[in-house]
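The structure under discussion appears below in the form of structure tokens.
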Amino acid sequence: MREDESYKTDEFGESHAGRVGVLLEDRSVPEPVYFGSASGSFAQQSTHWSVYDGRRFHGRRAHVLRGVCACGWTGTEYPLDWERIGDIPLREDEEANKAANQCLMDWDKHIEQVEASTVTIPEEIIELLDRTELALTQLTTKMPAVALKAARRLEILAKNTGYHAATPVQRTMEPEEVGEALGITAAQAKNLLARFAQRR
């Protein structure tokens, strides 16, 4: 059984979790495929694109592969040529694997578009954060204890900054607006604000 694959960024998390999706010939999204003992004990499910190849104990044949995102976005569709694929396992087909990789590249472009739609951080702040990250990464190999102390300082700074930012945002913006500004769902925005509002 192939493990399900989900792709996320640190910034957007579950709000924009992506994977390779499947459509059947009738344009429907297939149900998960279950694997396990004959009695049904310890059964596991999978929605990995490669299990939809019509083989025994697998799902119905996939008609197309496409990138999908938790936000509802779907990417370009890549048809599968079953006359060429034949009866070999889908996971072993080179062209199918190329299509799956292209789906993930499409999702990467979607994430770039999401990032472009969010509020813009001033360039000088981005440069400062990049320099800090580089300096601390180098420090972890040379003086890890010092890097740990610096990480603790950054943790405190993040908590204080988040607290002072969350307070006015909670008064003036709805969770949906915050989510749109940050590229996350309203629910995640609400949780983020609640976490930052707790200073201790």
Side-chain angles (χ1 to χ4, degrees), residues 1-21 32 44-49 66-76 100-200:
M1 182 187 72
R2 296 298 294 269
E3 294 290 334
D4 288 344
E5 294 177 337
S6 180
Y7 299 87
K8 293 178 285 188
T9 64
D10 291 337
E11 184 171 0
F12 302 124
E14 293 292 345
S15 292
H16 289 281
R19 64 182 181 85
V20 179
Q44 293 181 298
Q45 68 177 37
S46 175
T47 56
H48 192 276
W49 61 270
R66 61 178 183 173
V68 297
C69 183
C71 71
W73 169 89
T74 58
T76 301
N101 288 333
Q102 187 60 55
C103 290
L104 298 178
M105 292 175 63
D106 292 345
W107 175 78
D108 284 337
K109 293 178 182 177
H110 164 63
I111 293 299
E112 292 176 2
Q113 294 172 342
V114 171
E115 172 62 36
S117 71
T118 62
V119 291
T120 302
I121 300 175
E123 192 63 33
E124 60 269 23
I125 300 297
I126 293 177
E127 292 176 0
L128 178 60
L129 292 173
D130 288 343
R131 290 198 306 270
T132 301
E133 181 180 11
L134 177 61
L136 290 180
T137 299
Q138 295 172 343
L139 199 60
T140 57
T141 58
K142 298 176 181 178
M143 294 180 284
V146 176
L148 188 62
K149 182 176 181 179
R152 176 57 180 154
R153 290 278 183 91
L154 288 175
E155 183 180 40
I156 295 170
L157 175 62
K159 284 183 178 180
N160 289 336
T161 303
Y163 174 79
H164 290 296
T167 302
V169 166
Q170 285 181 314
R171 290 199 304 262
T172 60
M173 299 176 68
E174 295 295 328
E176 291 77 11
E177 296 176 290
V178 179
E180 184 176 348
L182 302 183
I184 57 179
T185 65
Q188 284 196 317
K190 191 173 181 179
N191 291 336
L192 180 69
L193 289 171
R195 178 161 58 85
F196 275 131
Q198 301 296 321
R199 195 168 188 177
R200 299 298 179 187

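Between the side chain of His16 and the main chain of Gly183, a donor-acceptor pair closer than 3.5 Å is present. A donor-acceptor pair is defined here as one N or O able to donate and one able to accept, closer than 3.5 Å; such a pair exists between the side chain of Thr140 and the backbone of Thr137. Checked by atom type and distance alone, the side chain of Thr161 never pairs as donor or acceptor with a backbone atom of Ala158 at under 3.5 Å.
Considering CG of Asp108 and SG of Cys103, their distance stands at 11.5 Å, rounded to 0.5 Å. Taking NZ of Lys8 as the reference point, atom SG of Cys69 lies at 12.0 Å (rounded to 0.5 Å). Taken from OG1 in Thr118 to CD in Gln113, the straight-line distance is 12.5 Å, to the nearest 0.5 Å. Annotation: the span from Thr185 atom OG1 to Glu14 atom CD amounts to 9.5 Å, rounded to 0.5 Å. Distance check, rounded to the nearest 0.5 Å: CD of Gln138 to CD of Glu133 gives 11.0 Å. Remark: Cys71 SG to Ile111 CD1 distance equals 7.5 Å, nearest 0.5 Å.
The 12-atom threshold is not exceeded at CD1 of Ile121, counting heavy atoms of other residues, nucleotides or ligands nearer than 6.0 Å. Atom CD of Glu174 sits in a sparse spot, with 12 or fewer heavy atoms from other residues, nucleotides or ligands closer than 6.0 Å. No more than 12 heavy atoms of other residues, nucleotides or ligands lie within 6.0 Å of CD in Glu180, so this atom counts as exposed by the packing criterion.
Of all non-hydrogen atoms in Leu136 and Ala150, the two that sit nearest each other are CD2-CB, 3.5 Å. Of all non-hydrogen atoms in Glu177 and Thr172, the two that sit nearest each other are OE1-O, 4.3 Å. Here the shortest heavy-atom pairing between Ala189 and Gly179 reads CB-N, 3.7 Å. The minimum heavy-atom distance between Val20 and Ala100, with the atom names listed, is CG2-O, 3.6 Å. Contact detail for Ala166 and Phe196: the closest heavy-atom pair is CB-CB, 3.8 Å.
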Next on the checklist: One pair to check against side-chain contact (heavy atoms from CB on, under 4.5 Å): Thr47 and Arg19. What are the steps and the verdict?
Outcome noted: CA-CA 10 Å; Thr47 56; Arg19 64 182 181 85; 4.2 Å; yes
Item to check | Derivation of the side-chain contact (heavy atoms from CB on, under 4.5 Å) call for Leu192 and Leu182 | outcome: CA-CA 11 Å; Leu192 180 69; Leu182 302 183; 3.6 Å; yes
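A tilted orientation is assigned to the rings of Tyr7 and Trp107, their planes being inclined by 30° to 60°.
We find that Lys109 and Glu112 are not joined by a salt bridge, their nearest charged nitrogen and carboxylate oxygen being 4.0 Å or further apart.
Side chains of Glu115 and Phe12 form a contact here, defined as non-hydrogen atoms less than 4.5 Å apart.
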